[in-house]
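Here the structure comes first, spelled out in C-alpha cells, and everything after it is commentary.
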Amino acid sequence: MNGSFTHKLLKHSLYTATTTTTTTTTHFPLTSLQCGTILQSLTNAKSFTKGHQLHAHITTSGTLQNNTYLGTKLAAFYASCGRMPQAQFIFDGIDFKNLFLWNAMIRGYACNGGSSSFKSIVLYREMLAFGWKADKFTYPFVLKACGYLLLVEIGRRVHGEAVVSGLDSDIYVGNSLLAMYMKFGDMGMARMLFDRMPERDSTSWNTMISGYVKNESPKEALVVFDMMEKAGMTVDGTTLLGLLSACTGLMALELGKGVHGYGVRHNAEMSNKFLRNALIEMYCSCNSIAYARRLFDEVKLKDTVSWNSMISGHEQSGDAFECLRLFCKMVTEGALPDEVTIVTVLGGCDQIMALQFGTSIHSYLVKKGFGVNTIVGTSLLDMYSKCGSLASSRCVFDEMPEKNLVSWSAMVTGYGVHGRGREAITIFHAMIADNVCPDEGVLTSVLSACSHAGLVNEGRQIFHGMTTKYNVKPTPALYSCVVDLLGRAGHLNEAYELIKSMEVVPTDDIWAALLSACRLQRNMNLAEILEQKVFEMNPKGVGSYVCLSNIYAAEKRWGDVERIRAMVRKKGLKKPPGCSFVEVDKKVHRFLVGDRSHQQTEYIYAKLEDLKQQLKEAGYKPDTNSVFYDVDKEVKEKMLWDHSERLAIAFALINTGPGTIIRITKNLRTCGDCHTVTKLISKLMCREIIMRDIRRFHHFKDGSCSCSDYW
DNA sequence: CTAGGGTTAG
C-alpha cells in the first residue's frame with residue numbers, strides 16, 4: 001500500500017472517529033479491512049495516539065464484535081507500542097487466538113525490558129500448553145528475553161526446543177541464539193553454533209565481533225573481522241562500531257585510525273552519531289585527546305553521549321581543568337547532562353580538590369530536580385570527602401535512600417583517609433548490620449583506615465576474621481594493607497614474618513609498605529635487608545628509592561644516600577615534579593614546585609619570605625633531610641621554600657579572609673619539613689589548613705596535625 | 001482480509 005493512500009484513509013478514519021462520538025455511530029464506519037490496514041501502518045509507525053483513537057472508533061462502531069482479525073491487529077498494535085496492559089486486555093478477549101497473536105504478545109513483553117521480559121517466557125510456556133507449536137518468529141523473542149534476563153538454564157532449554165523443531169537452522173533463530181549466549185558470556189558456545197551455522201549474514205558476524213569485545217576478547221574480535229572480510233561479507237556501520245570498541249579496549253591507536261580511514265573510504269556512515277561517538281571514545285582511550293577533541297568540535301549536533309565521552313576523555317587524561325570547562329560549555333549550550341556526566345565531572349573535581357565547583361554541581365542537581373540516586377549520591381559523597389569536607393560527605397551519605405557496597409566503601413574510605421579510624425570501623429560494622437556482604441575493596445578501605453589511625457588490634461582482628469566471617473581470601477592488596485598497619489605501629493617483625501608466611505610471592509607494593517614502615521620506625525637493620533628488594537623491584541615511580549634515601553639521610557649516612565641517588569640516575573628514573581592545587585573564589589590555581597608563572601608570583605614569594613622570618617623567630621629549624629639532591633645546606637633550605645604546597649598556602653593566605661579554611665591537594669607525599677611548616681603556619685596565622693597528599697589527609701589546626709605525625 | 005511479525009550495534 002502506498003503512503004498517500006494510507007494517509008487519506010487515516011485522515012478519514014480520524015474524522016470519523018471524532019465525529020461519531022459526537023453525532024452518530026452509524027455514519028461512515030470503516031470496514032474491518034480498512035481498519036486493519038490503517039492499524040498495520042500505525043503499528044509500523046508506533047503512533048500510539050492515532051491507533052488509540054482508531055480503537056475508539058472500532059469499539060463505538062461495533063466493528064470489533066467477534067472479529068479475530070481486527071482484535072489481532074489491535075493487540076499487535078498495542079504490543080508494538082509497549083502498552084502491554086491494553087494489549088493483554090484485547091488478547092484476553094479474543095476467543096480464537098492464532099500463532100501470530102501469541103507471537104505479537106511474546107514480542108511485546110520481550111521488548112519491554114525488566115520483569116516484563118519474564119512475562120514473555122511465561123506466555124511462551126502458556127502457548128505451548130495450549131498446544132501451539134512455536135515457529136521461526138517465536139524463538140527470537142523468547143531467546144532475547146532469556147538473554148536479557150540472563151536466564152541461562154531456561155535459555156538452554158529453549159535452545160533445545162528450537163533444535164528439536166529444526167528451526168535453529170533459520171538464520172534469525174541462529175543469530176538470536178548467538179546473541180543470547182553472548183549475553184551469557186558463553187562465547188565458546190556462541191562460537192560453536194556460529195561455526196556450524198548453515199548460512200551466515202552480516203548480523204551473525206557482527207554479533208560475534210561485538211560478543212568478543214563485550215566479553216573482553218578484543219583480539220578475537222579482530223580475528224573474526226579478518227575472517228568476515230575474507231568471506232566477502234558486507235562491512236556495515238555495526239561492524240565498524242564493534243571494531244572501534246575493540247580498539248578502545250586494546251588502546252590500539254593505529255588500528256583505530258585504520259578503522260576510521262576504512263569507514264571514511266567505504267561508507268558515508270561515519271556521519272552516524274554512534275560511530276562518531278565511538279571514534280571519540282577510541283581516540284580518548286588511546287591517549288589522543290587532542291585528536292578526539294578535534295572530531296568533537298567538528299560535530300554540530302552533539303548528543304549527551306558525545307559530551308560525556310569528551311568530558312570523560314579530559315578527566316581520564318588528568319586534565320581536570322578542561323573537564324570542568326567543557327562541562328560548563330555543555331550547560332551553556334543547552335545540552336542535557338545525565339548521570340554519567342555528573343559522575344565524571346565530580347571525578348574531575350576530586351582531582352584538583354574543587355570543592356566550590358563540586359558544591360555548585362550539587363546545587364545544580366537540587367535545582368534541576370535531578371533525583372540523587374545511589375550512583376550520583378555515592379560520587380557526591382566521594383567528591384565531598386576527597387575535597388576535604390567530610391561533614392558534607394556524611395550528610396549526603398545519611399540522606400541516600402539506597403546504599404550499595406560502593407557507597408559504604410566510599411564512606412569507609414572517607415573516614416579512613418581523614419584519619420578517623422574509629423568512625424570508619426563503625427560505618428563498616430553498620431554495613432555488615434545492613435546485610436551488605438563485604439568485598440576485597442571495602443576490607444582494604446577499613447584496614448587502611450585502621451592503619452592511618454594506628455588501630456592495630458582492631459585491624460588485625462578484621463584481617464584474621466575476614467576469611468571465616470566474610471569469605472574473603474587475602475589478596476596482595478590486603479596483605480599490603482596489613483603490613484602497612486603492623487609496620488607503622490612498630491610491629492615490624494610481625495609484618496616481616498607475615499610476608500614470609502604468605503603462600504604467594506610478595507608484590508612490590510608489599511615490600512614498599514614494609515620499607516615505608518622502616519622509615520617511620522627508623523629501623524635500619526630491616527631497611528638494609530630490604531634495600532636489595534628495592535633494587536629488584538620494578539617500580540613505576542621512584543617512591544621506594546626516595547624512601548630509602550630518606551631513611552639513610554635521617555641517620556646522616558650520606559655515603560648511602562649518594563649510592564641510592566646514583567642508582568636512580570643509572571636507572572634513568574625521575575621524581576615527578578611536585579604540584580599543588582588550591583581553590584579560591586571558585587577558581588582552582590595550580591602551582592608547580594618553584595613556580596614563577598602565577599600572576600601574583602611577587603606577592604606569593606614575599607609572603608613566603610615573611611612567613612619564614614616569623615617561623616624562625618618562633619624557633620623553627622628547617623629539616624633538609626628529605627631534599628633528594630646533592631647540594632649544600634643553604635640551597636637545600638631554599639629548595640624547601642619552593643615546594644608547591646607552600647606556594648599554594650601563601651597564595652591562599654593572601655587571597656582569602658581571616659578564618660577561611662584552606663584546602664590543598666598535592667600529587668606527592670608531603671615532606672617532613674612542609675609538614676612542620678604547615679603546622680606552624682596554622683597556629684601563627686590562625687588558619688585551619690586541610691591538605692590531601694598522595695596518601696591521606698592532614699588537618700592542620702593550632703599548630704598540630706590530625707595525623708599525629710604518623711603518616 | 002489469510003498476510004502480517006524476527007537477529008547485531010547505540
Side-chain angles (χ1 to χ4, degrees), chain A residues 1 30-44 46 63 67-77 79-80 87 96 98-108 110-111 120 124 134-148 162 167-183 190 193-194 197 199-214 221 224-225 228 233-246 248 259 263 269 272-281 303-306 308-309 340:
Chain A
M1 139 158 308
L30 293 167
T31 66
S32 230
L33 174 58
Q34 288 171 318
C35 290
T37 316
I38 298 166
L39 263 175
Q40 186 65 52
S41 55
L42 293 177
T43 302
N44 297 338
K46 293 196 168 55
T63 316
N67 193 332
T68 304
Y69 168 72
L70 259 192
T72 302
K73 291 268 186 218
L74 267 174
F77 164 75
S80 76
F96 301 102
N98 55 40
L99 194 54
F100 177 79
L101 179 58
W102 284 100
N103 284 346
M105 292 299 290
I106 291 171
R107 177 176 73 137
C111 298
S120 95
Y124 165 70
D135 66 2
K136 62 177 183 172
F137 295 106
T138 321
Y139 287 114
F141 309 136
V142 183
L143 293 169
K144 187 185 185 138
C146 294
Y148 175 78
L167 289 166
D168 60 331
S169 59
D170 177 83
I171 196 157
Y172 284 95
V173 177
N175 288 343
S176 302
L177 282 168
L178 297 185
M180 180 184 76
Y181 284 108
M182 165 197 113
K183 287 188 184 122
L193 294 175
F194 177 78
M197 277 170 91
E199 54 166 341
R200 306 179 191 98
D201 60 6
S202 289
T203 302
S204 330
W205 290 92
N206 289 345
T207 307
M208 291 308 289
I209 290 173
S210 59
Y212 280 122
V213 174
K214 280 222 168 60
V224 172
F225 170 68
M228 178 179 182
M233 297 303 301
T234 312
V235 172
D236 62 11
T238 307
T239 322
L240 297 179
L241 217 44
L243 288 176
L244 286 174
S245 351
T248 301
V259 177
E269 266 206 278
N272 166 333
K273 73 173 184 182
F274 298 115
L275 277 169
R276 274 194 326 249
N277 290 341
L279 276 174
I280 292 172
E281 270 170 36
D303 63 357
T304 301
V305 179
S306 331
N308 288 352
S309 309
V340 178

**Request:** Would you grab the first and last nucleotide of DNA chain B (5' to 3') that comes under 4.0 Å of any non-hydrogen atom in chain A?
**Result:** dC1(B) to dG10(B)

**Test item: side-chain donor near acceptor, Gln34(A) and Thr31(A), under 3.5 Å** = yes

**Asked** Just checking, is any N or O donor in the side chain of Thr203(A) or Asn206(A) under 3.5 Å from an acceptor N or O on the other one?
**Response** no

**Prompt:** If you look at every strand shown and take non-hydrogen atoms under 4.0 Å, does Asn277(A) touch a base, only sugar-phosphate, or nothing?
**Reply:** nothing

**Request:** Would you indicate what Thr203(A) reaches in the nucleic acid, counting non-hydrogen atoms under 4.0 angstrom: base, sugar-phosphate, or nothing?
**Result:** base

**Message:** So Ala104(A), base contact, sugar-phosphate only, or nothing? Heavy-atom distance under 4.0 Å.
**Reply:** nothing

**Prompt:** Does a donor on one side chain sit under 3.5 Å from an acceptor on the other, for Asn103(A) and Thr138(A)?
**Reply:** yes

**Item:** Sub-4.5 Å side-chain heavy-atom contact between Val235(A) and Phe225(A)
**Value:** yes

**Asked** Do Ser309(A) and Asn277(A) have side-chain N/O donor and acceptor atoms under 3.5 Å apart?
**Response** no

**Prompt:** Can the ring centroids of Trp205(A) and Phe194(A) be said to lie less than 6.0 angstrom from one another?
**Reply:** yes

**Request:** Name the nucleic acid region contacted by Asn44(A), choosing base, sugar-phosphate or nothing; use a 4.0 angstrom heavy-atom cut-off, strictly under.
**Result:** nothing

**Message:** Under 4.0 Å, heavy atoms only, any strand: does Tyr69(A) hit a base, just the sugar-phosphate, or nothing?
**Reply:** base

**Prompt:** When we call it a touch if two heavy atoms are under 4.0 Å apart, what does Val173(A) touch: a base, just sugar-phosphate, or nothing?
**Reply:** base

**Prompt:** Counting a pair only when it is Watson-Crick or G-U and both distances are under 3.5 Å, which runs of at least 3 such pairs involve DNA chain B?
**Reply:** none

**Request:** Can you sort out the partners of Ser32(A) under side-chain contact (heavy atoms from CB on, under 4.5 Å), two or more places apart, ordered by chain and number?
**Result:** Thr63(A), Asn67(A), Tyr69(A), Leu70(A)

**Request:** Remember a base hit wins even if backbone is also touched, and classify Met182(A) as base, sugar-phosphate or nothing at under 4.0 Å, heavy atoms.
**Result:** sugar-phosphate

**Request:** Please test Phe274(A) against Leu241(A) for side-chain contact (heavy atoms from CB on, under 4.5 Å), starting from the C-alpha separation and ending with a verdict.
**Result:** CA-CA 8 Å; Phe274(A) 298 115; Leu241(A) 217 44; 4.2 Å; yes

**Request:** Quick one: label Ser202(A) by what it contacts on the DNA or RNA (base, sugar-phosphate, nothing), any heavy atom closer than 4.0 Å.
**Result:** nothing

**Asked** Contact class for Lys144(A) vs. all strands (heavy atom < 4.0 Å): base, sugar-phosphate, or nothing?
**Response** sugar-phosphate

**Asked** Which distance, rounded to the nearest 0.5 Å, do you find between the OG1 of Thr239(A) and the CE of Met233(A)?
**Response** 9.0 Å

